[in-house]
Engineer: 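Have a look at this one before I ask anything.
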There are 6 protein chains.
Amino acid sequence: MRFDEAYSGKVFIMSRPTAEESDVILFGMPMDWTVSFRPGSRFGPNRIREASLGLEEYSPYADKHLEEVAYFDAGDIPLPFGNPQRSIDMIQDYVTTILDQGKFPLGMGGEHLVTWPIIQAFHEKYSDMAFIHIDAHADLREEYEGEALSHSTPVRKICELIGPENVYSFGIRSGMREEFQYAKESGMHMSKFEVAEPLKKVLPTLSGRNVYVTIDIDVLDPAYAPGTGTAEAGGISSKELLESIRMIADSDLNIIGADLVEVAPAYDPSEQTQITASKMIREILLGWTK
Amino acid sequence: MRFDEAYSGKVFIMSRPTAEESDVILFGMPMDWTVSFRPGSRFGPNRIREASLGLEEYSPYADKHLEEVAYFDAGDIPLPFGNPQRSIDMIQDYVTTILDQGKFPLGMGGEHLVTWPIIQAFHEKYSDMAFIHIDAHADLREEYEGEALSHSTPVRKICELIGPENVYSFGIRSGMREEFQYAKESGMHMSKFEVAEPLKKVLPTLSGRNVYVTIDIDVLDPAYAPGTGTAEAGGISSKELLESIRMIADSDLNIIGADLVEVAPAYDPSEQTQITASKMIREILLGWTK
Amino acid sequence: MRFDEAYSGKVFIMSRPTAEESDVILFGMPMDWTVSFRPGSRFGPNRIREASLGLEEYSPYADKHLEEVAYFDAGDIPLPFGNPQRSIDMIQDYVTTILDQGKFPLGMGGEHLVTWPIIQAFHEKYSDMAFIHIDAHADLREEYEGEALSHSTPVRKICELIGPENVYSFGIRSGMREEFQYAKESGMHMSKFEVAEPLKKVLPTLSGRNVYVTIDIDVLDPAYAPGTGTAEAGGISSKELLESIRMIADSDLNIIGADLVEVAPAYDPSEQTQITASKMIREILLGWTK
Amino acid sequence: MRFDEAYSGKVFIMSRPTAEESDVILFGMPMDWTVSFRPGSRFGPNRIREASLGLEEYSPYADKHLEEVAYFDAGDIPLPFGNPQRSIDMIQDYVTTILDQGKFPLGMGGEHLVTWPIIQAFHEKYSDMAFIHIDAHADLREEYEGEALSHSTPVRKICELIGPENVYSFGIRSGMREEFQYAKESGMHMSKFEVAEPLKKVLPTLSGRNVYVTIDIDVLDPAYAPGTGTAEAGGISSKELLESIRMIADSDLNIIGADLVEVAPAYDPSEQTQITASKMIREILLGWTK
Amino acid sequence: MRFDEAYSGKVFIMSRPTAEESDVILFGMPMDWTVSFRPGSRFGPNRIREASLGLEEYSPYADKHLEEVAYFDAGDIPLPFGNPQRSIDMIQDYVTTILDQGKFPLGMGGEHLVTWPIIQAFHEKYSDMAFIHIDAHADLREEYEGEALSHSTPVRKICELIGPENVYSFGIRSGMREEFQYAKESGMHMSKFEVAEPLKKVLPTLSGRNVYVTIDIDVLDPAYAPGTGTAEAGGISSKELLESIRMIADSDLNIIGADLVEVAPAYDPSEQTQITASKMIREILLGWTK
Amino acid sequence: MRFDEAYSGKVFIMSRPTAEESDVILFGMPMDWTVSFRPGSRFGPNRIREASLGLEEYSPYADKHLEEVAYFDAGDIPLPFGNPQRSIDMIQDYVTTILDQGKFPLGMGGEHLVTWPIIQAFHEKYSDMAFIHIDAHADLREEYEGEALSHSTPVRKICELIGPENVYSFGIRSGMREEFQYAKESGMHMSKFEVAEPLKKVLPTLSGRNVYVTIDIDVLDPAYAPGTGTAEAGGISSKELLESIRMIADSDLNIIGADLVEVAPAYDPSEQTQITASKMIREILLGWTK
């Protein structure tokens, strides 16, 4: 037995040993410095990796096996604590490098602000992209207590960058009045409370387009994902989220990248949140990455 | 900045600084001495306050903002440990004082026995009142192991005080045979297992009446509210409870007071129970108190 | 008061003091040495007993009281740590003794491998038996990392012993590709993802037969049963499992034995898993044991 | 293998199958209804039993094996929830019965109030007894918020019953000013903060006397016993408590009975409190019971 | 009973109802945005308040009762999430106001960076002050990953403001090589690993001076304070910290202000950290504030 | 920024990117299938890695920085669940490979049985080696419930392999009578209860010898390491263990390899056990590996 290779315990199961031979780059963004309630999502990516040990490599949902996808778990980007601006710059550079090599970026948060630099990187390459946002929170604020760089603002910034008409939010059940007003008036799409039903209607309208998808784990009811910073009662079930991932996989969208954010393990001693998140990552790997 | 006012960390978010300028009095009843299984609900009110920090002040369910309601979080009544009779007397006095000032009492438990002295206070003012009871447990015992003052008896006592025909129970899935028999024979209303569906049918029959509503958090399945003394599998979801609260808000009942009880934080390290309870309190404040 | 009898705190509530006067033997199998992810189910039986203290003795689902069933909680079989083969032999002997005395065995796991020796004992007496399997995992492997005695193999072994046409699996949402293929080709019945709906269709086809039923608590979504070794997102609710138990009770199958396995308390500080499991045990006692 | 005997999982390890053949009766008192801060010690006895599974049966401290002591774990006394007076009466009766049969009572709490009825039972038989009290709290109040039956009053009551000159408290680091004054003026012995040192001095003065010993687990620093209702920083270590138990065993006192109280498992997910308590019970069994 | 006053559950026990009649202002600083490992101390102050409910109001260490000190719990300063600079400005203003009114500021963190603005406020009034620092970490960095405002830098900044010869650190067991070098070369005092022993020697040299004291709860070994962001094995016991607080109280220093920081409740389900911290706050109130 | 290297979140801090350039190989042995009480140490190595993120890279104990040691974190050996024999064979092969390349093996358990194959590998190369064993448990059984391969037997096997006169046990406070007898009669060294004091006396007698050291984290009192399978009250403090590690580093022994075992994270939601273990690994890296 050799001891110089990527053995179990370090990476998401079935990761290829090098980036070169991989089509997908899985990476962590351990950042939670702007969260307003319960911090801790910086430990999310590592625990999702750990939980992947309990996964089957085959999915009966996709009827597909992880060995059919060539991906490399690149570990976490070493972000500087408490500095949102520098963190954001590093993430944008990192994702740009992945895109430059023609690979599919699959990110794990971390707080939701991480999606903002990712989309900036994508937008340079895909000027006509659309954005699907599955979340409990609108994330449409202009600022949060005076801060423009906040986990409450990324979707607003993305609307402003790629045009609100290219932004599609699902499952939203929390936000300021101003955010819901913006959603109504800006031309973006927002489905309140539900995900699978409205998604079924929207997907055909996005046929053939380049689409990035972000999932905030708190779209699930806290019963299904207690380990998250800003838990919101009244959410969807894991079953509905699995169905929604599958629906997107079965559509003819061209998924160009994705992330799953806001897993905060400290609040879930049962570990079910990261266990569930690791299953979602498996389904994304099997369904969206080509 | 002044340091002599009610800053964050002490009260439910958006509490007014004084009782005088408020229409609603929010108060805690930290009592759990008669519980038969897992004690700890005495810490419920404080943790619901703490969890309120994570709430948005605006509700997309009610399309309303907390600043539209004038309420004062008065803290916890200092109840004497292990003495049910004196605790009950203090609660009744306390609520009577609130009613005398024409304000709306919104209580947080604490064990369910606290509802008994509240209703005694109300009954003196509203002789024709009705009582809506949303709970996993019938609470219709005449006594519990020889004790008439028990968390298993309040609804029976209320039936005897205001007449069983004015009592409406929903979601009941646990009790002694004798309690279910009493429910059948006494003339009270009891819906087993479900809440939203039967409530929709019952509400029109209560049109225009003065109604007090009590919610035991254990009506939720333990998946949605693990932090409670007597968790009962087979309950409803947070979504269904949110819908039920809204349905009552949208009805033409005259809600005269309410409480939410049995949040026991020690059994829920994820804190989702108090997070969910604080959202229910927000929806009650926005929907029922005018 | 005498101190030489079985007082509370040692046994499942309402256990009779001796085996002689009982028709049902409730027993624990504290074994978890072959689990692949999170061990700890060896403590399941004791915590289910403890949680039974919080149960009502009457069930509004069955409209029946535990005093109507004569059962004896015999404690845990003292299985040897880390030795699957000897553990299995002991369980088979133990169950054979129960069957020889004409009593109904109701086992509590421990890991799912325990069902294999139980069925070997049953098969000697009931050569024509059928087997209902309610679980998230197919458990149809021939071996797990080279081990034939594994918590992933019992259903495959049972298929080989009693014939796959007599095996009915429900709720399956995880397994290797080979397991799903075997399910398709072998002639066994497998319902993926759902339990209550397909069970309703299958039960009439088993009319009058001798049937053993095993429930793996992880058929529930982790939201409802976080305290289990291999939690799998996308499961059923407690409500659906309660319904399914009732459906079997109301059918005209001849239930000859049953078990409930994989409760691992260490992963659930809320204790909801064992609380829920103890309710399922109550419903099985009231519904299946004649 | 027989299934009609006391197998593992129900009782403290090495319990004899019947009371008749035993010299010591080990019993639980699952009562916590008068506690002023964090309730939950009602589950203490069961978890101490469970934790005993991890113990060695041989002690290198005592150089003795549990098979050398004949004891019977009689389970918990079924005390009525929320009724201090009736609970106390039942405990007194129960202990009287044990004493009448010439056996050694070894109780597990439950809150500290349980020691009061035990001493009442003992005092009828041993009019000249002494009482050793190892605890963080003085427990010398005359009443607690108006209640004479409280977990804060038992030692005061015992002083009044057997004479303060026969009461010896060790490790005390919390109480009202009045309690410390009473300790000074009444003629009782109180050692503040320390246990082993002062005990070494006191034991010779008790030579040959009949002595009952009560240990409140909170005499340990919360670091060593976090699972207790009223944790008090600044306590002793497990090592010091083990030494103190041994010192008493090695003295020529005639120990007539003992208890260990206030283990509240809900506050200690690490389970170290009950694991430590079960070791103390083992050392008491090996050292004090003849 | 009136409902318009500060009842239990909102404030540290025995808080006076208004600031006016108080000599000491107790306040929370819920900030943790620059922590490098485990965030969550923003919830520290509220949980210390809650834990104070379990405290006796009398201290046998100080032989003094809380009613002898007039203090007002002013709640938490509403700091802006994720913005270190603005947070620091608010804290400095807040403390300046307290000092302007001639009151004693007693702060509860929050991360250790909060001590920096406090000392800036103090330094304007007390140009000759000394600073006692009890902590596991040197906190002497010039910057942390490029950030000057970090929980690793406050003591360095304070050295630069008031002169290293006026800074006295105790218990330090973690830091960069550069920090230990600075400690050696700058002229400040640093005692490694120990607190009580070196403090005994240093206190006489500070006789009569104006001294501010900061305690980082992580000076305790993680056994005694697991609920903190950057737990460091090898620390002191609660007993040693209690002794150290008493030693300062018994000295003839003029204590002008104090804080206790870094309690992060999410990492301590046993709650012992906040229970211990609340006892330390009581001893500070009784010993240092006049 | 490159994404094809070992970034944070995957390995112990400061691990070199390849084995080639390293003198020390750090590796995990995720095995717990023979534990008799609480399983779960299979997750120990990963959590120790994760906790290393909170460590300083410089040690004030050793006055040394991790960059001065060239080590490679090779991840976990992929051991087969539930198969002790095959696991043991794999570990022996693995360590033999490390030794063949002239590197220093530093293992992380997993259960203590892992030390047995490691010593078999060492013994082939170092026929005259000595063995230092720091543990709460004697681990001197010949078999455990019939199993020779058990976490209770490794030290006995090692005595038989390298001669009991070359085995030195410290801190032992639990075992069967037979184990303590063997210790007395066999010629091995055993210090009961204490570590630092006896180690100081023994080290000079081992001067110049090739010595392997194993540390079972449960030598610490459960207060300091609650996250372990078989917690034993009455242990040493973290301070004493740090001192002992330093004493060995400062001696003139030739340390040839080491391991740290039995970290079981599931029992310690505070994470202090892995945090403490990661500090011990740092001190071992800085002190023992040349």
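Labels below follow one simple rule: chain letters A, B, ... track the order of the sequence lines, proteins then strands, and each chain is numbered from 1. Please read all numbers here as calculations on a predicted model, not as lab measurements.
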Engineer: Run the numbers on R38(E) and E50(F) for salt bridge (charged side-chain N to carboxylate O under 4.0 Å, His left out), then give the verdict.
Structural biologist: CA-CA 11 Å; R38(E) 304 189 303 178; E50(F) 181 183 284; over 6 Å; no

Engineer: Tell me, for E283(F) versus chain E, whether the close heavy atoms (under 4.5 Å) come from the side chain, the backbone, both or neither.
Structural biologist: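 Neither part; nothing is under 4.5 Å.
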
Engineer: Can you tell me how far the OH atom of Y58(F) sits from the CZ atom of R177(E), to the nearest 0.5 Å?
Structural biologist: 5.5 Å

Engineer: Start with the C-alpha distance between R173(E) and L242(F), add both sets of side-chain angles, then the distance that settles side-chain contact (heavy atoms from CB on, under 4.5 Å), and finish with yes or no.
Structural biologist: CA-CA 12 Å; R173(E) 59 189 188 275; L242(F) 283 164; over 6 Å; no

Engineer: What part of F193(E) gets within 4.5 angstrom of chain F, counting heavy atoms only: side chain, backbone, both, or neither?
Structural biologist: both

Engineer: Over all heavy atoms of both residues, which pair between D221(E) and S238(F) is shortest? Give the atoms and the distance, please.
Structural biologist: OD2-CB, 3.8 Å

Engineer: Would you mind telling me which of A231(E), G175(E), A138(E), P222(E) has the largest number of heavy-atom pairs within less than 4.5 Å of chain F?
Structural biologist: G175(E)

Engineer: Return the minimal non-hydrogen interatomic distance between A233(E) and Y61(F), and the atom names on each side.
Structural biologist: O-OH, 3.8 Å

Engineer: Enumerate by number any residue of residues 262-281 of chain E whose heavy atoms lie under 4.5 Å from heavy atoms of chain F; in the absence of such residues, state 'none'.
Structural biologist: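 Residues in range: Y267(E), P269(E).
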
Engineer: Need one label for S174(E): side chain, backbone, both or neither, based on atoms under 4.5 Å from any heavy atom in chain F.
Structural biologist: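 Backbone plus side chain of S174(E), per the 4.5 Å heavy-atom cut-off to chain F.
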
Engineer: Chain E: which of S237(F), S59(F), P60(F) shares the most heavy-atom pairs with it under 4.5 Å?
Structural biologist: P60(F)

